[in-house]
There are 2 protein chains.
Amino acid sequence: MSSVKEVAKRANVSVATVSRVLNNDPVVKQSTKEKVLEVIKEMNYKPNLLAKNLRKQASKTIVMVLPAMSNPYFAEIARGAQAAAYDFGYHIIIGTMESKRWILDTYVNLLKTNLAEGMIFVSSSADRELLQTLVGDYPIVLCTENYPGIGATCVSIDNKQAGYEATRELLRRGHRSIAYIAGNRQSSSVLGRIEGYKEALIEAGIEYNPELVAGSKNNFENVTEAMNGILGKGFGIDGVITHSDLQASYILKGIKENLIPLEASIGLISFDGTFIAEITNPSITTIVQPLYDLGYTSVHQLVLKLQNDLAEAPQGVVILPHELVIRET
Amino acid sequence: MSSVKEVAKRANVSVATVSRVLNNDPVVKQSTKEKVLEVIKEMNYKPNLLAKNLRKQASKTIVMVLPAMSNPYFAEIARGAQAAAYDFGYHIIIGTMESKRWILDTYVNLLKTNLAEGMIFVSSSADRELLQTLVGDYPIVLCTENYPGIGATCVSIDNKQAGYEATRELLRRGHRSIAYIAGNRQSSSVLGRIEGYKEALIEAGIEYNPELVAGSKNNFENVTEAMNGILGKGFGIDGVITHSDLQASYILKGIKENLIPLEASIGLISFDGTFIAEITNPSITTIVQPLYDLGYTSVHQLVLKLQNDLAEAPQGVVILPHELVIRET
DNA sequence: CTGAAAGCGCTTACAG
DNA sequence: CTGAAAGCGCTTACAG
């Protein structure tokens with residue numbers, strides 16, 4: 001491996017000049033610049049970023065933590081984030097937690113050891129306590145899941161409005177007894193969507209019944225039990241809203257395999273709008289989230305924080321538009 | 001941020017001693033060690049890895065490049081790779097190409113600028129020319145897709161055997177005219193599987209007909225056209241093998257929407273064994289690849305290269321077992 | 001068992 | 001417009 005030193009020697013200039021050429025400093029004479037660039041090319045020189053990063057005290061690297069990659073929902077957010085990182089000149093490390101807390105610590109350590117400059121937590125990948133210890137010291141952005149009052153920027157859809165629209169659609173079709181398969185109960189997105197669900201019901205003159213709402217992990221681990229738990233109460237369910245496409249796909253699967261006593265013709269609306277809602281049979285009516293944009297915008301917000309003072313960085317919630325897409329359920 | 005210097009001062013030792021404690025050098029006296037550790041804790045000191053990396057000329061970082069993350073196939077490989085990176089003490093940067101060549105160059109540059117020590121290419125994320133320029137200079141591992149004779153380790157299943165088994169299964173059921181929806185034509189996995197397909201046919205006394213084989217992108221972009229291209233030739237297709245679960249799911253979708261003139265009861269076997277083959281209706285018979293292990297083993301092989309001399313590092317192909325899982329198609 | 005010193009490969013005030 | 005020199009925060013022979 002060649003170094004600035006060798007390039008300098010070969011080009012008959014100082015290392016300072018080589019560095020200036022490398023960094024496009026307009027102060028260097030055109031002819032000098034050309035000579036140096038020629039040598040750089042000739043030696044196939046690439047700067048050692050390990051050195052550059054130390055000297056500049058910046059890694060130009062950010063981290064995004066996701067609960068898992070198996071759900072296409074997260075994959076699409078990650079895709080947007082990668083595009084943004086590239087556009088803004090940052091490296092991005094995308095990590096998945098796989099439900100293991102120590103993995104999260106690993107990624108947080110990238111921040112503490114100067115390997116990364118900022119961090120994005122997607123969905124409920126971080127808990128409130130962790131965030132609280134981080135927000136003051138490092139640039140943090142939350143993606144899809146807000147922790148109000150914590151002082152971090154959050155990028156998400158308007159969950160309350162989305163929950164309202166999903167419920168309204170089922171009501172419009174004449175469904176009256178609508179079950180709600182939620183995700184993790186405490187999360188702001190779940191809370192927001194249920195609020196919208198409630199509002200639509202009340203608007204339609206239907207009493208909100210908390211017994212029709214059941215939690216389930218965000219993935220598909222116990223959807224069938226959650227659904228059957230509600231059905232067992234005998235409320236004559238004729239519509240279902242789920243927190244994710246994946247959950248909805250497992251409800252359809254459960255119905256097909258006679259594990260869930262419902263008709264395939266049930267009114268079913270899910271959240272997310274991944275390709276999963278397209279490939280099931282029947283295909284699923286879904287609230288499409290702008291997943292790619294959510295990832296992209298999260299990175300953009302983080303970069304803004306990185307480039308401004310932490311103090312005057314943008315805060316609050318950035319809301320992106322969602323859309324109800326009607327398919328076969 | 002505190003530094004070794006400040007820790008040293010506060011603990012009344014030299015920076016060398018602090019560094020030794022940090023690196024668990026057994027040579028330091030127990031009492032000294034304890035004192036230093038106490039100060040470290042007290043100051044909440046974390047070493048600056050930017051400095052450590054430069055000094056040690058090693059980033060402890062590897063890169064894995066995938067064609068895309070939207071296919072759960074790749075997500076699962078990435079999951080295994082992350083687990084392995086953690087187990088072996090490396091950071092891993094997982095990048096997706098999204099069909100854009102310049103993204104690939106970005107990741108390769110991590111290698112050239114010392115930010116990463118080795119690289120894993122999954123599927124056909126790199127072409128032969130690029131690999132040839134890299135293999136001599138950097139530790140490289142290929143995952144799922146081999147480039148024979150290039151001198152890199154490859155981790156994959158036995159594609160020929162898998163293609164053979166898939167075909168045998170359809171033949172066993174009495175299907176005689178089996179279409180093959182392949183991926184990118186040149187790739188070693190496609191070639192291997194088709195070889196197995198051929199072999200099974202010949203064994204059953206059926207002539208291999210290249211007209212029954214059609215290419216399609218690895219994802220679902222033009223599955224319907226590929227399938228209809230074959231059907232249009234009038235060979236009375238009664239069985240289909242696809243290169244991926246995703247392709248198979250789009251064939252089912254095409255059948256359902258009357259875009260593909262086939263019965264849903266067609267014999268259909270795909271490759272991969274992602275959850276997609278489970279959530280479709282009907283669920284898909286599939287050759288399950290050990291995706292998590294493929295990712296895990298690829299990282300393991302790379303780490304072996306990193307720890308040994310490049311010269312005496314393991315080479316050749318590491319074969320992992322696959323399994324035919326029979327579902328509804 | 002410990003410390004002083006050199007050095008990893010860059011960048012950047014400072015001086016000219 | 002260019003160069004000499006300091007320094008980013010570590011690690012590691014070397015000497016004692």
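Below, chain A is the first sequence line, B the second, and so on; all start at residue 1.
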Handout entry: Parallel, tilted or perpendicular, as decided by the 30° and 60° cut-offs, for the rings of B:Tyr86 and A:Trp102
Key =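 Because their plane-to-plane angle lies in the 30° to 60° range, the rings of A:Trp102 and B:Tyr86 count as tilted.
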
Problem - Pairwise 5' ranking along DNA chain D for B:Arg20 and B:Pro47, keeping only the more 5' one - result: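 Whichever sits nearer the 5' end wins; that is B:Pro47.
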
Handout entry: chain B footprint on DNA chain C, 5' to 3' - any atom under 4.0 Å from a heavy atom
Key =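 Going 5' to 3' along DNA chain C, contacts run C:dC1 to C:dG9.
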
Does [X] reach a base, just sugar-phosphate, or nothing at all? Heavy atoms under 4.0 Å.
X	value
A:Ser19	base
A:Asn53	nothing
B:Val28	sugar-phosphate

Practice task
Please give the nucleotide sitting opposite D:dA13 as a Watson-Crick or G-U wobble pair, both distances under 3.5 Å, or none.
Solution key: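 Per the H-bond distance test, none.
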
Handout entry: Partner nucleotide of C:dA4 by Watson-Crick or wobble geometry (both distances under 3.5 Å)
Key =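 Check on C:dA4: unpaired, no WC or wobble geometry under 3.5 Å.
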
Do [X] and [Y] have side chains that get closer than 4.5 Å, going by heavy atoms?
X	Y	value
A:Thr61	B:Leu115	no
A:Ser156	A:Ile319	yes
B:Tyr138	B:Lys112	yes
B:Val65	B:Val108	no

Handout entry: Whichever of A:Val15 and B:Lys33 has its nearest DNA chain C nucleotide further upstream toward 5'
Key =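 Of the two residues, B:Lys33 wins.
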
Exercise for the section: Please tell me which of A:Arg55 and B:Asn12 maps to the more 5' nucleotide of DNA chain C, matching each residue to the nucleotide holding its nearest heavy atom. Expected result: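 The answer here is B:Asn12.
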
Problem - Separation between the P atoms of C:dA6 and C:dT2, rounded to whole Å - result: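 Looking at atom P only, C:dA6 and C:dT2 are 23 Å apart.
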
Exercise for the section: Give me the one residue out of B:Leu294, B:Leu320, B:Thr274 that meets side chain to side chain contact (heavy atoms under 4.5 Å, CB included) with B:Gln289. Expected result: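 It is B:Leu294, the one option of B:Leu294, B:Leu320, B:Thr274 that forms the side chain to side chain contact (heavy atoms under 4.5 Å, CB included) with B:Gln289.
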
